[in-house]
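Comments concern the structure below.
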Amino acid sequence: MKPGHSLMRHYLQFKDLRAEEYGYLFERAKIIKTRFKNYEKYQPLVDRTLAMIFEKASTRTRVSFEAGMYQMGGSVVNLTSGDSQFGRDEPVEDAARVISRMVDIVMIRTFEQAKIERFAANSRVPVINGLTNEYHPCQILADVFTFQEHRGSIQGKVVAWVGDGNNMANTWLQAADILGFTLHVSTPSGYELDARLSTLANPGCLKVFKSPAAACAGAHLVTTDVWTSMGYEAENAARQAAFADWCVDTQMMQLAQPDALFMHCLPAHRGEEVAAEVIDGPQSVVWDEAENRMHVQKALMEYLLLGRIG
């Protein structure tokens, strides 16, 4: 969208879009992915520039956004806190005002959600959350798309979250509320979901379990994340002890539906949050899930910049 466009949208958390918009995005992602697989050139974002701002390390987010933007015909400017003024002696608000006058869309991977919201409030172009401490909407966008590729609609299904009540868990909860599935959550004591982060239209979409095995019972998808997320490394030893019983293993997967899928946003630590035989086993779709980050983000950028196609 050009500066001042009345339809400009940001994507800062999963609840920023409606269920009907997600339906559209997943259809677009499917079309865009098919074109990519068939080596069909599709470049609707020629002359558009994406600024990527990283205050946290990144592999999948950087590659998926950068490769995706180039494939769509656009250009990319990559900024880190080490080689820019962002996050140092320039206010976030000022950085937003400057950067958004020079590019067409911005992706930020940072710490506090408040920081990306301050940036978006002062930006003239769409801003995408590439990960914050509180939310990771692009990852759940990819995860739901991956589930639909393998098993059809996620509506009415059960997703089991085993492990830390972190940004991924917070975002899964928003997705359950919007897309109409049930989230089973099991976390160690002291690592629960932060109830303040999600006001639910449908509180029945969340069920909390003390036992990770009970959370997995009957699930159509079992998913987890590392026990120590970026920014929490100092807590690593305490977390290793607290999470010892929350490793997704073969026994947990056997309690889920016979055709249940396993997902992990990666990077993974085999033998910690997931057993090697699970993540490398036949129910795991983690590599499709990782690839699909690129396809859904291409659809998202197309939507935020061009609106609906056709």
Side-chain angles (χ1 to χ4, degrees), residues 11-23 25-26 113 129 131-148 150-227 229 232 239 242-243 245-248 252-253 255-257 259-265 273-274 283 285 289 296:
Y11 191 59
L12 307 183
Q13 47 185 298
F14 200 87
K15 68 179 183 182
D16 285 346
L17 298 179
R18 304 183 308 274
E20 179 267 337
E21 291 176 288
Y22 281 112
L25 276 184
F26 294 138
Q113 180 76 12
N129 181 351
L131 176 143
T132 60
N133 289 348
E134 290 88 345
Y135 301 112
H136 198 358
C138 290
Q139 182 65 56
I140 304 305
L141 194 62
D143 292 0
V144 175
F145 178 69
T146 304
F147 184 89
Q148 291 190 175
H150 286 268
R151 296 289 183 263
S153 174
I154 200 168
Q155 187 173 4
K157 300 294 196 295
V158 173
V159 175
W161 177 264
V162 176
D164 192 12
N166 64 5
N167 52 4
M168 286 286 293
N170 294 334
T171 310
W172 269 116
L173 182 54
Q174 289 191 352
D177 193 33
I178 293 164
L179 300 179
F181 59 91
T182 302
L183 183 67
H184 287 187
V185 173
S186 179
T187 68
S189 178
Y191 299 93
E192 295 88 356
L193 283 167
D194 185 345
R196 296 170 300 173
L197 293 180
S198 288
T199 50
L200 300 174
N202 169 31
C205 70
L206 172 64
K207 295 183 179 176
V208 178
F209 297 82
K210 287 189 176 179
S211 158
C216 292
H220 301 87
L221 166 62
V222 177
T223 183
T224 188
D225 193 4
V226 295
W227 290 341
S229 298
Y232 299 91
R239 284 172 174 266
F243 283 80
D245 294 332
W246 273 261
C247 175
V248 177
M252 285 190 204
M253 292 302 296
L255 293 168
Q257 296 284 342
D259 65 345
L261 300 176
F262 172 78
M263 291 189 194
H264 190 306
C265 61
E273 73 275 3
V274 60
Q283 290 172 282
V285 291
E289 178 190 4
V296 297

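This is a predicted model, so every value here is computed, not measured.
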Asn170 and Gln13 side chains, donor-acceptor separation under 3.5 Å
no
Looking at Ser186, Cys247, Cys216, which one forms a side-chain contact (heavy atoms from CB on, under 4.5 Å) with Met252?
Cys216
Side chain to side chain, Ile140 and Trp172, heavy atoms closer than 4.5 Å:
yes
Given side chains that start at C-beta, do those of Trp161 and Leu193 come closer than 4.5 Å, heavy atoms only?
no
Point-to-point distance, once rounded to the nearest 0.5 Å, from NE2 of His136 to OG1 of Thr171
8.0 Å
Side chain to side chain, Ile154 and Val159, heavy atoms closer than 4.5 Å
yes
If I compare all heavy atoms of Phe14 with all of Pro137, which pair ends up nearest, and what's the gap?
N-CB, 3.7 Å
Which atom of Leu131 lies closest to which atom of Asn129, heavy atoms considered:
N-OD1, 2.6 Å
I'd like to know if the side chain of Gln113 reaches the main chain of Glu134, judged simply by a donor and an acceptor atom lying under 3.5 Å from each other, with no hydrogens or angles considered.
no
By the side chain to side chain donor-acceptor pair (under 3.5 Å) test, which pairs, at least two apart or in different chains, include something from residues 199-208?
none
Solution key, residues 217-227 side-chain donor-acceptor pairs under 3.5 Å, sequence neighbours excluded:
from   : atom 1 : to     : atom 2 : distance (Å)
His220 : ND1    : Val158 : N      : 3.0
Thr223 : OG1    : Met263 : O      : 3.1
Thr224 : OG1    : Val162 : O      : 2.6
Asp225 : OD2    : Asn166 : ND2    : 3.0

Quick one: salt bridge (Lys or Arg N to Asp or Glu O under 4.0 Å) pairs with a partner in residues 175-186, sequence neighbours left out?
none
Nearest 0.5 Å please: distance from the OG1 atom of Thr132 over to the CG atom of Leu12.
9.0 Å
Just wondering, do Tyr22 and Val144 contact through their side chains at under 4.5 Å, heavy atoms?
no
To the nearest 0.5 Å, what is the distance between CG on Asp245 and NZ on Lys210?
14.0 Å
Mind checking whether Tyr11 and Leu141 have side chains closer than 4.5 Å, heavy atoms only?
yes
Determine whether Phe243 and Glu273 make a side-chain contact, defined as any pair of heavy atoms from C-beta on separated by less than 4.5 Å.
no
Under the criterion side-chain contact (heavy atoms from CB on, under 4.5 Å), I'd like the reasoning laid out for Leu179 against Ser153: C-alpha separation, chi angles, the key distance, then a yes or no.
CA-CA 9 Å; Leu179 300 179; Ser153 174; over 6 Å; no
So, do Lys157 and Arg151 sit near enough that their side-chain heavy atoms are less than 4.5 Å apart?
no
Measure from the side-chain N and O atoms of His184 to the backbone N and O of Ala160, and report whether any donor-acceptor pair falls under 3.5 Å.
no
Do you know which two heavy atoms are closest between Gln283 and Gln257, and how far apart they sit?
NE2-O, 4.2 Å
Considering all heavy atoms, the nearest Cys205-Phe181 contact:
CB-O, 3.5 Å
Between Trp246 and Tyr191, does the side-chain contact (heavy atoms from CB on, under 4.5 Å) criterion hold? Intermediate values first, please.
CA-CA 12 Å; Trp246 273 261; Tyr191 299 93; over 6 Å; no
Find the distance between NE2 (His264) and CD (Glu289) and round it off to the nearest 0.5 Å.
9.0 Å
What I'd like to find out is whether the side chain of Met168 reaches to under 4.5 Å of the side chain of Asp143, using heavy atoms alone.
yes
Taking the side chain from Glu192 and the backbone from Thr187, do they hold a donor-acceptor pair closer than 3.5 Å?
no
